[in-house]
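In what follows, a structure is listed as structure tokens, so that the remarks can point back to it.
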Protein chains: 2
Amino acid sequence: MTSRASLATRRRETKRQPHPRVAVDAVLFTIEAGTLKTLLVKIKQGPFLGQWAFPGGLVQVGEPLDTAARRELYEKTGVQDLYLEQLYTFGEVHRDPAAHTVAVAYFALVPPGAHALTRGDKYAEIAWFPVSELPELAYDHNAMAITAHQRLQAKLSYTNIVYSLLPPEFTLGELQTIYEVILDKQFDRRNFRRKMLALGLLKPLRKMRRGAHRPAALFAFTRRSPMNVEVL
Amino acid sequence: MTSRASLATRRRETKRQPHPRVAVDAVLFTIEAGTLKTLLVKIKQGPFLGQWAFPGGLVQVGEPLDTAARRELYEKTGVQDLYLEQLYTFGEVHRDPAAHTVAVAYFALVPPGAHALTRGDKYAEIAWFPVSELPELAYDHNAMAITAHQRLQAKLSYTNIVYSLLPPEFTLGELQTIYEVILDKQFDRRNFRRKMLALGLLKPLRKMRRGAHRPAALFAFTRRSPMNVEVL
DNA sequence: GCAAAAGTGTTGAGATTACACCCATGC
DNA sequence: GCATGGGTGTAATCTCAACACTTTTGC
């Protein structure tokens with residue numbers, strides 16, 4: 001902590017010393033073309049010039065961490081309403097060669113279509129990369145990517161947050177595809193449908209999606225807020 | 001992040017601005033007298049004078065976060081070898097009224113008996129409190145306590161980290177008691193034993209614990225390193 | 001008519017729960 | 001001898017995994 005009695009001694013020592021800086025980074029996931037993708041920005045300056053990294057920036061005094069994360073994401077993607085949670089805090093001393101910077105990483109999910117908003121106005125290059133083919137990233141962001149991917153897989157298994165990767169209406173097939181892509185695992189269609197419907201998270205709409213083949217029943221989530229459920 | 005190209009503009013703005021400070025706090029759990037307890041220190045100075053809080057302190061430049069956490073714990077308890085993992089980062093602006101301080105909270109487990117080392121040499125009061133009867137804590141530490149407790153419960157269910165709350169040799173009854181105390185739930189003794197033995201995490205020692213009643217078989221963990229296992 | 005995705009039930013295996021009695025010891 | 005915790009087995013239920021054929025549509 002900070003103004004802690006028992007720490008008076010060390011605090012006095014450190015008071016004049018420089019402190020580590022605080023940054024937030026955001027790992028943004030979406031499903032596009034049947035692939036799990038993540039948003040990267042290209043770095044224009046400094047030791048990592050030309051390398052890709054997750055969007056992020058320094059936290060300002062007086063700014064809450066999640067607000068900083070949300071701001072970052074909005075600036076980069078224009079996406080405002082998304083699922084956002086804290087992922088992990090990376091504090092390795094030399095992760096940023098320029099200065100000791102502690103990075104609080106966030107993890108976010110955006111529904112398909114939000115990509116359209118990815119025109120980086122005043123920003124440099126910005127692009128969605130398949131998670132399975134990430135380039136070498138700046139800082140410790142490859143490790144961050146792995147942590148985020150694992151969290152995503154875990155959360156998909158025991159919460160209902162898939163809803164934030166889907167449009168308001170979707171078919172059971174589309175839902176299943178998302179699970180298969182993220183968990184990298186195939187599911188039996190009959191078992192999958194029975195399980196999902198038994199959970200009561202979905203409500204059937206009286207509509208059909210028409211396409212190249214047999215029309216499929218459309219569903220929506222009964223609740224679009226995070227909750228813990230043993231899904232798979 | 002920090003020296004990020006696309007952030008050049010804002011970085012320049014913030015460069016001269018003060019940054020939030022970084023602290024680590026540690027929530028330390030143990031089982032004592034059949035109760036789950038956590039370690040608190042009493043604050044001697046500042047706005048929270050006289051209140052209890054989790055041990056913690058500012059991170060120094062050049063110091064990795066987990067090293068800072070370990071240092072804190074060692075200074076306070078003398079415990080060196082314990083299970084330690086990052087819990088969550090608390091970044092609410094006014095959590096420390098003195099200055100915007102981001103706290104990276106850690107969560108640690110110590111085996112019984114380590115309490116003996118809790119003589120706070122140069123430190124003020126230090127004490128183990130039952131988790132169910134925590135006083136009003138300084139900062140946002142009551143919220144931190146809840147987060148830590150939830151994490152402990154979750155981790156106990158899907159990992160083998162109980163080993164770090166137990167001495168090298170223990171009975172199945174002692175193991176079961178820990179689960180019951182932490183998860184606040186009763187288990188059927190026969191089912192519990194069958195499940196635990198089936199997991200293969202334990203090895204029977206050819207020894208007995210003698211006490212007030214019928215001697216109980218002693219067990220040890222086959223592995224004393226963290227791994228994921230669906231325990232209960 | 002054919003390719004492609006949607007829809008639908010049943011069965012067996014394994015896991016989980018509930019439950020009751022005898023045993024070894026210290027006092 | 002009695003109070004206390006240790007030790008053991010079985011049956012009923014539930015959950016999960018495996019599995020194949022028919023339907024509807026666009027082309």
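The basis for the numbers below is simple: all heavy atoms, side chains too, and nothing from hydrogens, waters or symmetry mates.
B:Asp25 approaches B:Gly57 most closely through the heavy-atom pair OD1-N, 4.3 Å. The two atoms that bring B:Arg223 and B:Tyr163 nearest to each other are O-CD2, 4.4 Å, heavy atoms only. The minimum heavy-atom distance between B:Leu137 and B:Asn142, with the atom names listed, is N-OD1, 2.8 Å. In plain terms, the two heavy atoms of A:Asp140 and A:Arg95 that are nearest each other are OD2-NE, 2.8 Å.
Applying the ring pair (Phe, Tyr, Trp, His ring centres under 6.0 Å) test to B:Phe129 and every residue at least two apart in sequence or in another chain returns B:Trp52. In this structure B:Phe170 satisfies the ring pair (Phe, Tyr, Trp, His ring centres under 6.0 Å) test together with B:Phe221, sequence neighbours excluded. Checked against salt bridge (charged side-chain N to carboxylate O under 4.0 Å, His left out), B:Lys207 has the following partners two or more places apart in sequence or in another chain: B:Glu169.
The closest donor-acceptor contact from the side chain of A:Asn160 to the backbone of A:Arg224 lies at 3.5 Å or more, if one exists at all.
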request  = Determine, step by step, whether B:Tyr139 and B:Phe90 satisfy the ring-ring contact (aromatic ring centres under 6.0 Å, His included) criterion, reporting the C-alpha distance in whole Å, the side-chain angles of both residues, the deciding distance to 0.1 Å, and the verdict.
outcome  = CA-CA 10 Å; B:Tyr139 311 101; B:Phe90 295 82; over 10 Å; no
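When DNA chain C is scanned in the 5' to 3' direction for atoms under 4.0 Å from non-hydrogen atoms of chain A, the outermost contacting nucleotides are C:dA4 to C:dT10.
Of the residues in residues 187-194 of chain A, those placing a heavy atom less than 4.0 Å from an atom of DNA chain D are A:Asp188, A:Arg190, A:Asn191, A:Arg194, in numerical order. For DNA chain D, the residues of residues 204-222 of chain A within the heavy-atom distance limit of 4.0 Å (strictly under) are A:Arg210, A:Gly211, A:Ala212, A:His213, A:Arg214, A:Pro215, sorted by number.
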